[in-house]
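Heads up, the thing below is written out as structure tokens.
Everything numeric in this text was worked out from a predicted model, so none of it was measured. In what follows, chains are A, B, ... by sequence order, proteins preceding strands, each numbered from 1.
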Amino acid sequence: MDTENTNTPPVDFIRAIVAEDLKNNKHGGAVVTRFPPEPNGYLHIGHAKAICVDFGIAQENNGVVHLRMDDTNPAKEDIEYVEAIKNDVKWLGFDWGDNLFYASDYYEKLYDCAVELIKRGKAYVCDLSTDEIREYRGTLTEPGRESPYRNRSMEENLDLLARMRNGEFADGAKTLRAKIDMASPNMHMRDPAIYRIKREHHYRTGDKWCIYPMYDFAHCISDSIEGITHSICTLEFEIHRPLYDWFLDVLEMPCHPQQIEFSRLNVTYTVMSKRKLLTLVKENHVNGWDDPRMPTISGMRRRGYTPEAIRAFVGATGITKYNSMSDLSLLEHFQRDDLNKRALRAMAVMNPLKVVITNFPENTTDELDAVNNPEDPAAGSRKVPFTRELYIEKDDFMEEPPKKYFRLAPGQEVRLRYGFFIKCEEVIKDADGNITELRCTYDPATRGGSSPDGRKVKGTIHWVSATHAAKAEARLYNPLFTLENPAESELDFKELLNPDSVQITECLVEPCLQDSKPGSIYQFERVGYFCCDPDSTAEKKVFNRTVGLKDSWAKIQSKGDN
RNA sequence: UGCCCCGUGGUGUAACGGUAGCACAAGUGAUUCUGGUUCAUUUUGUCGAGGUUCAAAUCCUUGCGGGGCAGCCA
């Protein structure tokens, strides 16, 4: 029974195919998948989906996953990328065990297959140039013409291929082509090239080869060699499937994996094409592949995204066969969901406004208890120093507050988180009328945050001690990844990388953050989730904002404006 | 205007001829020492037209719409 033509429901259609194959004992009960990136760039969130699918399907069925570097184009590939790929896959939480493979390890076998193809009269060496081949290929609506070299004898083809390999011909002078059907409505079946001459140093095989196999030829055979049962890939390879099957059939390979396609992950506001990401890196629009603005796995890691959140996002996004655009807010949801449970809380003031507690003694520090994570009692608590001079967030004070503003205002009382109730008594301004300082009084009876007389306060704000706070740098990436408005066709980097894509702010953080290590993630209370960046120094920590907290006040405000 | 794939709320996805459900987003209310979290609750959908059937998101025909394919890239 051909599972392909059975009416499987769209969701989990891959699972359905695998289950059917298992039921029919198609591969002797085995499930072997593979994740086959080309090491020509860093992995991005789109690859995360492929990784989750490949590993997920295997794990569900007690199968194995091969990590295979699809390195058949020496011009683009590099060892740096293979290391990054391994690192990122591991970080995402997947383990390929000993099953690390390289297509370049199969070059000899692939060559033998090419010879075999010639012997079976299914391939020929063609002398047409690139332009001529294109011309002979025909168009989408017209059939192509056969190459004048199509009917060379087997002996001549064998000899020519051997000489191609020996480097007797110039780059591009000849190609080995599959002999299929120049009139096929599928352009990929019109005698596709399977070997090209390319004198390029390969990062693994060096200069051993001057001919390299093409994807369509190398991929199916690599799959077959490795005993892959289900070759899962993205939709754009759908039209390649007849060719995938053709090679394996003609060569009568003992293992014939089934290629299954699903749709790529697309996320709003982000550009996923490796070519574009490479351009961003190469032209220094960003600071490398792991720039926190990049939608790469390494960029997201540096930004503070967690593997758990990414996996949950990918899981929620589903597997289908139609192109879709997933909302970034879904990713952010899973990120908040994960971090809310795990991230330690800390107080950090992004835009400081000085507050003097006039009735608090000078040169005195009160050590207050602060809960590290209200969602996780096991996270314990810490001491936060409270002094006469503090900083609060500028936004947390309004001289003329609109209705429903719960924070500090002249004569109004708020709670300092884990601290005291304070009341604003006086607003100090400079000559230009800018607010420079607030003079407040505190209620000593409210130590810890609640009043013995049962008095309620609507707002709770965050703060740091002016004498104990540490200076830090906050990097706010807005709104997300690289792009404000990803163009589909060509990149206009000036427009894409809006000037606000990084906003660097000096901020003040509570002293405990001096000990934070790169990679550690905090929730700055009422501000957002921040990840300590490797750029941090001993004196000054750098924090990348992962994602902000939900802000219902912004909504209230914007509604008021309308 | 060739061939292939695909159309379910704003978005992403379920429902193998039998009650169109879930999540995100949005709205409302409650709780809260984070305007966070949590809880409750509301709104919005089968691309159109025919057909088969007791019954269609599902099967058929057709129209419309979206995507892919003319690298010696993967």
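To the nearest angstrom, C1' of G36(B) lies 13 Å from CG of Asp337(A). Atom CD of Gln335(A) and atom P of G36(B) are 18 Å apart (whole Å). For the pair Arg526(A) CZ and G36(B) P, the interatomic distance rounds to 10 Å; values are reported in whole Å. As rounded to whole Å, 11 Å separates atom P of G67(B) from atom CE of Met325(A). Atom P of nucleotide G35(B) and atom CD of Glu393(A) are separated by 12 Å, given to the nearest angstrom. In this structure, Met182(A) places its CE atom 15 Å from C1' of G2(B), rounding to the nearest Å. Between Lys321(A) atom NZ and U8(B) atom P there is a gap of 16 Å when expressed in whole angstrom units. Atom-to-atom, CD1 of Ile319(A) to P of C5(B) comes out at 20 Å; the value is rounded to the nearest Å.
By the salt bridge (Lys or Arg N to Asp or Glu O under 4.0 Å) test, Lys198(A) pairs with no residue at all, sequence neighbours left out. Taking the side-chain hydrogen bond (donor to acceptor under 3.5 Å, both in side chains) definition, one finds that His66(A) meets it with Glu226(A), sequence neighbours left out. Residues that satisfy the salt bridge (Lys or Arg N to Asp or Glu O under 4.0 Å) test with Arg199(A), not counting sequence neighbours, are Asp171(A). Partners of Arg196(A) by salt bridge (Lys or Arg N to Asp or Glu O under 4.0 Å), not counting sequence neighbours: none found. Not counting sequence neighbours, Arg177(A) has no partner by the salt bridge (Lys or Arg N to Asp or Glu O under 4.0 Å) test.
When heavy atoms are screened at a 4.0 angstrom cut-off, Phe262(A) is found touching no nucleic acid atom at all. Using a 4.0 Å heavy-atom criterion, one finds that Lys341(A) contacts no nucleic acid atom at all. Nucleic acid contact class of Tyr212(A) (heavy atoms, under 4.0 Å, all strands): none. When heavy atoms are screened at a 4.0 angstrom cut-off, Glu142(A) is found touching no nucleic acid atom at all. If you check every strand for non-hydrogen atoms under 4.0 Å, Arg407(A) touches a base.
Within the cation-pi definition used here (under 6.0 Å to the ring centroid, within 45° of the axis), Arg165(A) qualifies as a partner of Tyr111(A).
With salt bridges taken as basic N to acidic carboxylate O contacts below 4.0 Å, none links Lys458(A) and Glu413(A). Between Arg204(A) and Asp105(A), at least one side-chain nitrogen of the basic residue sits less than 4.0 Å from a carboxylate oxygen of the acidic one, meeting the salt-bridge criterion. A salt bridge links Arg163(A) with Glu168(A); the closest basic N to acidic carboxylate O contact falls under 4.0 Å. One finds a salt bridge joining Lys341(A) and Asp337(A) here, because a Lys/Arg side-chain nitrogen approaches an Asp/Glu carboxylate oxygen to under 4.0 Å. Arg526(A) and Glu393(A) are not joined by a salt bridge, as no carboxylate oxygen comes within less than 4.0 angstrom of a charged side-chain nitrogen. Salt-bridge formation is not detected for the pair Asp395(A)/Arg407(A): no Lys NZ or Arg NE/NH1/NH2 atom is positioned less than 4.0 Å from an Asp or Glu carboxylate oxygen. Using a 4.0 Å cut-off between a side-chain N of Lys or Arg and a carboxylate O of Asp or Glu, Asp127(A) and Arg152(A) qualify as a salt bridge.
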For RNA chain B, what dot-bracket results from Watson-Crick or G-U pairs at under 3.5 Å, with [ ] for crossers and | for inter-strand partners? .((((((..((((....[..)))).(((((.......)))))....(((((..]....))))))))))).....
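No more than 12 heavy atoms of other residues, nucleotides or ligands shown are found within 6.0 angstrom of CZ on Arg264(A).
The side chain of Tyr322(A) has U8(B) as its nearest neighbour among G35(B), U37(B), U8(B).
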Enumerate all atom pairs, one protein N or O and one N or O from nucleotides 41-47 of chain B, separated by less than 3.5 Å.
none

Annotated protein contacts, base or backbone, on nucleotides 22-27 of chain B with a non-hydrogen cut-off under 4.0 Å, one of B, S, - each: --SSSS
For nucleotides 68-74 of chain B, read 5' to 3', which letter fits each nucleotide if B means a protein heavy atom sits under 4.0 Å from the base, S means only the sugar-phosphate is that close, and - means neither? BBBSBBB
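Taking atom C1' on both C16(B) and U58(B), the two are 9 Å apart, rounded to the nearest angstrom. Between U46(B) and U8(B), the distance separating the two C1' atoms is 4 Å to the nearest Å. If you take atom P in G21(B) and the same atom in A57(B), they sit 13 Å apart, rounded to whole Å. Between G10(B) and C3(B), the two P atoms lie 33 Å apart (nearest whole Å).
For U13(B), one of the phosphate oxygens OP1 or OP2 lies less than 4.0 angstrom from a side-chain nitrogen or oxygen of Thr320(A). At least one side-chain nitrogen or oxygen of Ser324(A) sits closer than 4.0 Å to the OP1 or OP2 atom of U13(B).
Among residue pairs with one or both ends in residues 179-192 of chain A, those qualifying as salt bridge (Lys or Arg N to Asp or Glu O under 4.0 Å) are Arg150(A)-Asp191(A); sequence neighbours excluded.
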Pairs of donor and acceptor atoms involving the side chains of residues 45-54 of chain A, under 3.5 Å and at least two apart or interchain, shall be tabulated with distances.
residue	atom	partner	partner atom	Å
His47(A)	ND1	His44(A)	N	2.9
Lys49(A)	NZ	Ser263(A)	O	2.9
Lys49(A)	NZ	Gly318(A)	O	3.3

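Ser329(A) and Asp327(A) form a side-chain donor-acceptor contact under 3.5 Å, judged by distance and modelled atom types alone.
The glycosidic torsion of G65(B) lies more than 90° away from 0, placing the base in the anti range.
The six-membered or imidazole ring of Tyr529(A) lies away from that of Tyr522(A), with a centre-to-centre distance of 6.0 Å or more.
Contacts between residues 366-384 of chain A and RNA chain B, counted as heavy-atom distances below 4.0 Å, involve Pro374(A), Glu375(A).
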